[in-house]
Amino acid sequence: MAGVRRAWRETVRATRREAPPGVRREIDAFLGIGPVQVAELDLPEEPGAEADGTGAEAGEARAGADGTGGRGIGAEAGGARAGADGTGGRAVLTPGPGSPPVTAGAVFVLVRRAGVPAGTLLGQVPQGADPARVLAGLARELPRGAPSEPLPAPPAASVVVATRERADQLARALDSLLAQDHPDFEIVVVDNAPRTGETRELVERKYGERVRYVCEPVPGLAVAHNRGLAAVRNEVVAFTDDDVVADPRWLTELTAPFADDPRLGCATGLILPARLRTPAQVLLESHGGFAKGFVPRTYDPEHPPADEPLFPFTAGRFGSGASMAFRTAVLRAAGGFDPATGAGTPARGGDDLYGFVRVLAQGQRLRYTPRALVWHHHRETWRDLETQAYGYGAGLTAYLTAILVNRPALLPAFLARVPGGLAHARGLTAVRATGDGPDPGSGAGAGAAPGGHDSRTHPWPRRLARLQRRGMLYGPVGYLRARRTLRAALREAR
């Protein structure tokens, strides 16, 4: 890992040497961002179990929260105690997926209550302190939220994983998917425009009949997802990426809501960072990453949410493609994903957002459920962030273009929302010189590590904001180019 870190630092420094002074300053600040450990803390279900049995409080430890059960910023951990309730119930601290045991330093923690994701916090573990005691003391301050309701039996499900030349990452994802506790599911790997036989060889050698292999020669994430949609056999189809590790209950939690609601067309889940080892990963997560909080929510087109004036066109609020599921018949009736959107096309992205809006436009509901968790491996370098920022902007306006091209009846509703949409776009690319970081006296230090969802502990570089705006201007052009490219590819495939 040290060699990899040196390599990307040299790449960033080379970029810095060629950059104007303002960008050089932003890169210097970027290089100063330190790594953060990732861990899980499971608290006992019984009230008061986080105390040590003596009635002692958590000393000076404090945890900030976002007021909605979402992420908080952990404050100083002095005197925090995690412990037993006198009957052996203890908070259990485990490293995040693929991470080493927790030691002193900054730690990003998923807090669970009796196994159920309840919130996140950022804690600073002093040298020589017990990490479990320190972090459990902070976790006591997170809002409890409503009690979890029993889940219905989930319907039979299929999981589609699109991939291209990333066999090592794919194996990690498939191992986690095969460990799901869902009672009836299949896994379909779609090998998108492969250049080698590595993916096929991996699936056939290591996974045999447990995973089905499908090849899609036309490049593009939406094309690959549509190929998977055509191949699946079950009532619900879930999609995830090859760079995730799925929690063992991910598929059950994501698909069970379909059993209770016949008008549910789509469900999305919680996405948290698997690693925060590089400045790029920490910066992205400090600006919210892919998480949508810890409060379940149902979006119903018959009852538009009052706090979403742009509904349904702000589809990025609903979830992300790394954790989404659809009622198979509904997604097929909608025509699947627009094949001219998504990674691997000139449109750069937007395929998942397109799917969300098409399902809502059919009168179906969409459910966000934070109990359905995957851990995502964020991109690692400054250059990755530049590519990602431009792609996000392009994907946003590309998907809007796709919606209007394929569903022109939505044009009046879209035009009515244009003024608010412009304000929303400006907000997406706004640069904050200072973040809503921890209390300066907390010991964590403003800008020391990622904070709550959209707390923006680290300023978002202006360079990345400009790239996102350029991407937004390019998006409609990229979508039209993608359509032409797709037509040519389909003619060649025939």
Side-chain angles (χ1 to χ4, degrees), residues 12 15-16 19-20 22-27 29-30 33 221 271 273 278-292 310 313-322 340-354 356-357 376 378-403 414 417-436 450-451 453-482:
V12 174
T15 303
R16 181 190 182 280
V23 175
R24 286 202 296 269
R25 287 192 294 271
E26 291 184 337
I27 291 176
F30 171 81
I33 299 174
L221 183 58
I271 304 172
T278 72
Q281 293 172 331
V282 175
L283 178 62
L284 178 63
E285 193 60 30
S286 76
H287 283 256
F290 300 96
K292 309 301 177 187
L310 303 181
F313 297 107
T314 49
R317 295 181 182 272
F318 306 152
S320 299
T341 60
T345 73
R348 304 291 189 101
D351 53 307
D352 49 353
L353 309 184
Y354 176 90
F356 300 156
V357 174
H376 182 263
H378 295 348
R379 301 187 188 190
E380 296 186 347
T381 70
W382 172 266
R383 193 64 57 83
D384 288 338
L385 283 182
E386 289 184 326
T387 302
Q388 195 167 26
Y390 188 85
Y392 280 170
L396 173 64
T397 51
Y399 111 80
L400 289 172
T401 304
I403 286 291
F414 175 75
R417 292 161 171 80
V418 164
L422 292 175
H424 175 67
R426 286 194 295 271
L428 282 176
T429 58
V431 179
R432 300 190 182 182
T434 58
D436 301 323
H453 181 53
D454 279 342
S455 69
R456 308 194 177 203
T457 319
H458 299 286
W460 190 250
R462 293 179 185 274
R463 162 73 175 167
L464 300 182
R466 286 193 295 268
L467 284 170
Q468 189 167 352
R469 287 194 291 269
R470 290 178 195 170
M472 292 169 71
L473 293 174
Y474 165 80
V477 176
Y479 174 70
L480 297 176
R481 288 178 177 172

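Thr278 places a side-chain N or O within 3.5 Å of a backbone atom of Glu380 that can act as its donor or acceptor partner. In this structure, Glu26 contributes its side chain and Arg463 its backbone to a donor-acceptor pair below 3.5 Å. Between the Thr381 side chain and the Asp384 main chain, a donor and an acceptor come within less than 3.5 Å of each other. No donor-acceptor pair under 3.5 Å is formed between the side chain of Gln468 and the backbone N or O of Ala389.
Leu353 contributes atom CG, which lies 9.0 Å from atom CD1 of Ile403 (distance to the nearest 0.5 angstrom). The distance from the CZ atom of Arg462 to the CH2 atom of Trp460 is 14.0 Å, given to the nearest 0.5 Å. Annotation: the span from Tyr399 atom OH to Asp351 atom CG amounts to 12.0 Å, rounded to 0.5 Å. Summarising the geometry, atom CD1 belonging to Ile271 is positioned 10.0 Å from atom CD belonging to Glu285; distances are rounded to the nearest 0.5 Å.
Nearest approach of Ile33 to Pro279, heavy atoms of both residues: O-CG, 3.6 Å. Scanning both residues, Thr397 and Gly475, for their nearest heavy atoms gives OG1-CA, 3.1 Å. Of all heavy-atom pairs spanning His378 and Pro273, the tightest one is NE2-CB, 3.6 Å. The minimum heavy-atom distance between Ala482 and Ala340, with the atom names listed, is CB-O, 3.2 Å.
With sequence neighbours excluded, the residues satisfying side chain to side chain contact (heavy atoms under 4.5 Å, CB included) with Leu400 are Phe313, Phe414.
Leu283 has its side chain within reach of Leu464: a pair of non-hydrogen atoms, C-beta onward, lies under 4.5 Å apart. Looking at heavy atoms from C-beta onward, Arg379 lies out of side-chain contact with Leu385 at the 4.5 angstrom threshold.
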- request: Given side-chain contact (heavy atoms from CB on, under 4.5 Å), test His376 with Ser320 step by step and report yes or no.
  value: CA-CA 11 Å; His376 182 263; Ser320 299; over 6 Å; no
- request: Apply the test side-chain contact (heavy atoms from CB on, under 4.5 Å) to residues Lys292 and Phe318: give CA-CA distance (whole Å), side-chain angles for both, the deciding distance (0.1 Å), then the verdict.
  value: CA-CA 8 Å; Lys292 309 301 177 187; Phe318 306 152; over 6 Å; no
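Applying the side-chain hydrogen bond (donor to acceptor under 3.5 Å, both in side chains) rule to pairs touching residues 473-482 yields Asp338-Tyr479, Tyr479-Arg483, sequence neighbours excluded.
In summary, the side chains of Tyr390 and Glu386 do not present any donor paired with an acceptor at a separation below 3.5 Å, with no hydrogens or angles considered.
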